[in-house]
Structure formats: structure tokens, C-alpha cells
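Accompanying notes for the structure given below.
Lettering of chains follows the sequences in order, A, B, ..., and the numbering in each one begins at 1. Since the model is a prediction, treat every value here as computed from it, not as a measurement.
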Protein chains: 2
Amino acid sequence: MDKQKEILNAALKLFVEFGFHGTPTSKIASEAGVANGTLFHYYKTKDDLVIALYNSIKQDLSAYLFSKIGEHDSLETKFKTIFIHTLNWALSHRQQFYYIQQFHLSPHITKLSEEVIQQQTKPHLMLIEEGMKAKVLKPMPVQLNYTLVSSYIFGIYQYLTNTDLSPAKQKKIIADSYQMMWEMISIR
Amino acid sequence: MDKQKEILNAALKLFVEFGFHGTPTSKIASEAGVANGTLFHYYKTKDDLVIALYNSIKQDLSAYLFSKIGEHDSLETKFKTIFIHTLNWALSHRQQFYYIQQFHLSPHITKLSEEVIQQQTKPHLMLIEEGMKAKVLKPMPVQLNYTLVSSYIFGIYQYLTNTDLSPAKQKKIIADSYQMMWEMISIR
DNA sequence: GTCTATATCTCGATAGAC
DNA sequence: GTCTATCGAGATATAGAC
């Protein structure tokens with residue numbers, strides 16, 4: 001792996017464990033097996049690194065999710081696919097998922113350009129809008145639906161990581177809670 | 001107000017705006033109008049301050065919530081009261097509510113004693129348990145129910161703070177989303 | 001691109017007068 | 001309890017050889 005990737009990996013691991021504050025760049029460099037100066041060759045400042053790491057993770061998640069969606073899937077299938085696979089990805093990328101939340105609740109979030117944020121949420125919002133137009137989803141503000149579902153997913157994730165269940169039981173929880181959520185937001 | 005309270009207020013304001021890392025104790029002291037040394041008279045370390053602030057806020061929220069509950073209220077009324085008033089409190093104590101989340105996603109959370117955590121969540125868990133025994137709530141792991149409802153509340157809060165609605169519209173969103181949630185978790 | 005060495009600065013915490 | 005003054009540690013970031 002190239003050094004730049006090593007730096008991102010090391011930063012992820014340490015930021016998640018010790019927080020932004022608690023991890024000096026020197027530790028990141030040594031964890032990555034590179035010299036301190038090398039880190040600053042790739043990222044002009046520590047903040048740059050924090051933001052680059054966030055964008056890299058979001059990119060990965062997004063690519064993963066949309067690779068799972070078939071263009072001709074029904075709306076409900078698309079919803080379900082995103083729901084289930086967001087949780088699957090979160091469970092197999094715990095540090096990354098944790099980092100996303102950590103970042104969202106940090107002052108760094110204000111340094112993300114509006115453009116980048118929109119680009120990341122737009123596909124989701126469009127899907128929801130489509131669902132309402134097709135009278136599959138209950139009418140409500142699109143952004144409210146999005147936020148509600150996102151935090152619901154996060155809740156399940158939290159539960160799953162705080163309890164120690166077998167993969168089979170995890171799968172059942174995910175399926176059941178999807179069903180509950182779908183009944184909540186869809187028109188029956 | 002006494003200096004100790006001033007320090008907590010200043011810390012809250014600055015931590016929320018700049019993060020734990022981004023706010024030096026010197027800034028907290030000057031914002032509070034006290035000398036640097038005074039801060040360390042009340043809190044032995046910066047971490048102590050961070051934790052004391054968290055506990056103080058949780059205490060306030062808890063006291064507020066349970067002051068709203070009548071002992072002889074029905075189960076559903078109790079649920080609704082907690083739901084609505086958590087949101088009301090959050091909306092009128094935005095910094096405090098934000099800080100709680102910020103704290104939860106920081107390494108400081110590991111320094112809270114298990115005892116304190118239990119003490120804070122126990123009343124909620126007991127209410128849920130009661131609801132299931134009375135066959136008012138759908139059977140599911142108690143902790144899952146708790147986590148789901150908590151993050152659902154957080155989702156609504158997020159939506160409300162990110163959009164600029166009149167108090168009347170806010171109230172409607174809260175009431176409607178309570179209804180949706182209640183239908184999701186209760187046995188009908 | 002990568003390293004070593006180091007400049008510069010800021011922060012948390014303490015000491016001690018009042 | 002509150003203040004001023006300051007120490008020592010450790011941080012980010014740079015300079016410059018290879």
C-alpha cells in the first residue's frame with residue numbers, strides 16, 4: 001500500500017480511539033510507518049488530513065451502496081437495499097462508520113463545502129422524492145424523511161454494536177427493524 | 001452567579017463551538033471572567049471539567065423530564081410526555097443537547113462510570129419494560145426499543161434545527177412524528 | 001518523495017502572594 | 001478563593017539533506 005493510504009489508515013485508527021485532539025500527527029506518522037515530514041508532504045495541515053479522511057470514507061460508502069442497487073429495481077427494493085447494506089457496511093467498517101459520526105459532531109463539519117454535502121445526499125433525497133410522487137411513501141418533508149431514516153439506521157447500528165449477537169440474530173434484527181421502519185414511512 | 005457556574009457556562013459555549021480540542025482552558029477562564037488558576041481550583045484537570053459539565057447537563061435534563069410526569073399517568077401518557085418534552089428541552093437548550101452528543105462520541109465517554117450511566121438510563125428502561133409486560137408495546141429487546149426511540153428523537157431534533165419553522169409548525173412535526181413512532185412500537 | 005532535525009508556539013497545570 | 005506569573009511538555013509545521 002502506498003504511504004498516503006497508510007497515513008489515512010493510521011489516522012482513522014487513532015482518531016477513533018483517541019479523538020482528533022488526542023492524537024498528535026507524530027503518532028499518526030509513526031503508526032503509518034512514515035516520517036513526520038512525509039505526513040505534511042501529503043496533507044498541508046492536520047485539518048486537511050481530517051477532512052480528506054472523511055471524504056475518502058464517504059466516497060467508499062457511497063460507491064459500495066450504489067453498487068448494490070440495480071437500475072431496474074422497484075422503489076421498495078432500492079430502499080431496502082440501501083437500508084440493509086448501509087448496516088452491513090457499518091458493521092464491517094465500524095471505525096469508518098464511527099468516524100463519520102465523530103466528524104459530523106465536530107467543528108470540522110463547517111469546513112465541508114455545501115457542494116460536497118449536497119452531492120453526497122442528493123441521490124438519497126431523489127429516491128425519497130420519487131417514492132412520495134409514486135404514492136409509495138407517506139407525504140412529509142423530504143428532508144425529514146431522510147433524517148428520520150438515517151438516525152433510525154444509526155440507532156440499530158448502535159444497538160447491534162453494543163450487544164453481542166450471532167450474525168444470524170443480527171440479520172433478524174436488521175430485517176425486523178427494516179419492516180417496522182417501512183411500515184412507518186410507507187402508505188399501506 | 002458563582003464562578004463555578006460561570007466556568008461551566010463558558011465551557012459549554014466554547015466546547016460546542018470549537019470542540020474540546022479547540023478550546024484551551026485559558027479561553028474558558030477568560031470567557032467566564034475568572035483567572036486561569038481559578039479554573040483549576042474548581043476542576044483539577046480539563047478532563048474533570050468536561051465530565052462535570054456532562055453530568056450537570058444530564059442532571060438538568062433528567063430533572064426536567066421527570067418533573068413533567070405525573071405518577072398516575074397512563075403508560076402511553078408517560079411515553080408521550082417524555083418524547084415531547086425531551087424535544088422541547090432540546091430545542092430550548094440546544095447547546096446542552098449538542099454537547100451531550102458531542103460527549104457521547106468522544107473518548108471521554110469511556111471515563112464515565114458504569115454506575116452513572118445505568119442510573120441515567122434505568123428509569124427509561126423500566127418504563128419500556130412495563131410497557132411490554134402490559135402488552136402495550138411490541139415485544140423486542142428493551143435496549144433496542146430504547147436506542148431506537150432515542151435516535152428517532154435525535155433525528156427529529158436534527159430536522160427541526162436544520163430547518164427554520166414557526167413554533168406552530170414545529171409543534172405539528174413533533175406531534176405527527178410522535179404518532180408515527182408510537183404506531184411503530186405499540187401493539188394496535 | 002522521504003527522511004532527520006528543529007523552530008516556534010501554545011497549552012495544561014502549578015506555585016505562591018494576597 | 002482568587003489572582004499573577006511561569007514552567008515544562010508536547011504540539012504543528014518547516015527546512016534542508018538525500
Side-chain angles (χ1 to χ4, degrees), chain A residues 1-57 95 99 102-103 105-113, chain B residues 1-57 95 99 102-103 105-113:
Chain A
M1 201 177 337
D2 66 9
K3 308 231 171 205
Q4 189 163 9
K5 276 248 149 71
E6 292 284 7
I7 292 169
L8 286 180
N9 283 346
L12 173 61
K13 178 182 166 187
L14 295 171
F15 283 153
V16 166
E17 185 167 0
F18 304 108
F20 299 118
H21 154 230
T23 81
T25 53
S26 57
K27 285 250 173 63
I28 297 171
S30 73
E31 171 82 24
V34 305
N36 201 305
T38 304
L39 188 155
F40 286 94
H41 171 72
Y42 287 107
Y43 304 100
K44 271 205 332 215
T45 68
K46 187 182 180 179
D47 273 13
D48 273 11
L49 170 59
V50 168
I51 290 167
L53 178 57
Y54 175 78
N55 286 330
S56 147
I57 290 173
Q95 290 185 329
Y99 185 79
Q102 196 180 14
F103 185 90
L105 278 164
S106 81
H108 293 102
I109 188 72
T110 60
K111 280 169 204 146
L112 274 191
S113 70
Chain B
M1 202 178 335
D2 66 9
K3 308 232 172 206
Q4 189 164 10
K5 274 246 152 61
E6 292 284 6
I7 292 169
L8 286 180
N9 283 346
L12 173 61
K13 179 182 166 188
L14 294 172
F15 283 153
V16 165
E17 185 166 359
F18 304 108
F20 299 119
H21 156 229
T23 80
T25 53
S26 57
K27 285 249 172 66
I28 296 172
S30 73
E31 170 82 24
V34 305
N36 201 302
T38 304
L39 188 153
F40 286 93
H41 171 71
Y42 287 107
Y43 304 99
K44 270 207 330 217
T45 67
K46 188 181 179 180
D47 274 12
D48 273 11
L49 170 58
V50 168
I51 290 168
L53 178 57
Y54 175 78
N55 285 330
S56 148
I57 290 173
Q95 290 184 330
Y99 185 80
Q102 196 180 13
F103 185 90
L105 277 165
S106 81
H108 293 102
I109 187 71
T110 60
K111 280 168 205 147
L112 275 191
S113 71

Rounded to the Å, how far apart are B/L39 CG and D/dT4 C1'? 15 Å

Ranking C/dC3, C/dA13, D/dA11 by distance to the side chain of A/S26, first place goes to D/dA11

Among D/dA13, C/dG12, C/dC3, the one nearest any side-chain atom of A/A35 is C/dC3

With the side chain counted from C-beta on, respond yes when A/V50 and A/Y99 share a heavy-atom pair under 4.5 Å apart, and no when they do not. yes

Are any of the side-chain heavy atoms of A/T25 and A/L49 separated by less than 4.5 Å? no

Could you check how far OH of A/Y43 sits from C1' of D/dT14, rounded to whole Å? 19 Å

From CD of A/E6 across to P of C/dT2 the rounded distance in Å is 11 Å

To the side chain of A/K46, which of C/dT2, D/dA13, C/dG12 is closest? D/dA13

Closest of C/dT2, D/dG1, C/dC11 to the B/Y42 side chain is D/dG1

Report the distance from atom NE2 of B/H21 to atom P of C/dT10, rounded to the nearest whole Å. 13 Å

Nearest to the side chain of A/K3 - D/dA13, C/dC3, D/dT2? C/dC3

5'-most contact on DNA chain D (nearest-nucleotide basis), A/G22 vs A/K44, goes to A/G22

Ignoring backbone atoms, test whether B/T38 places a side-chain nitrogen or oxygen under 4.0 Å from the OP1 or OP2 oxygen of D/dG1. no

B/H41 has a side chain; which of D/dC3, D/dT2, D/dT12 sits nearest to it? D/dT2

How long is the line joining CZ of B/F40 and P of C/dA13, in whole Å? 5 Å

Locate the shortest heavy-atom distance separating B/I7 from B/Y43; write the atom from each residue and the value. CG2-CE1, 4.0 Å

How about A/I28 and A/F15: do any of their side-chain heavy atoms sit closer than 4.5 Å? yes

Note, B/I57 side chain near B/L8 side chain (heavy atom, < 4.5 Å): no

Expressed as a whole number of angstroms, how long is the span from A/N36:CG to C/dT8:P? 17 Å

For atom CD1 of A/I28 and atom C1' of D/dA11, their distance in whole Å: 12 Å

Between P of D/dA11 and CG of A/D47, the distance in whole Å: 16 Å

Does a side-chain N or O from A/T25 land closer than 4.0 Å to OP1 or OP2 of D/dT12, or not? yes

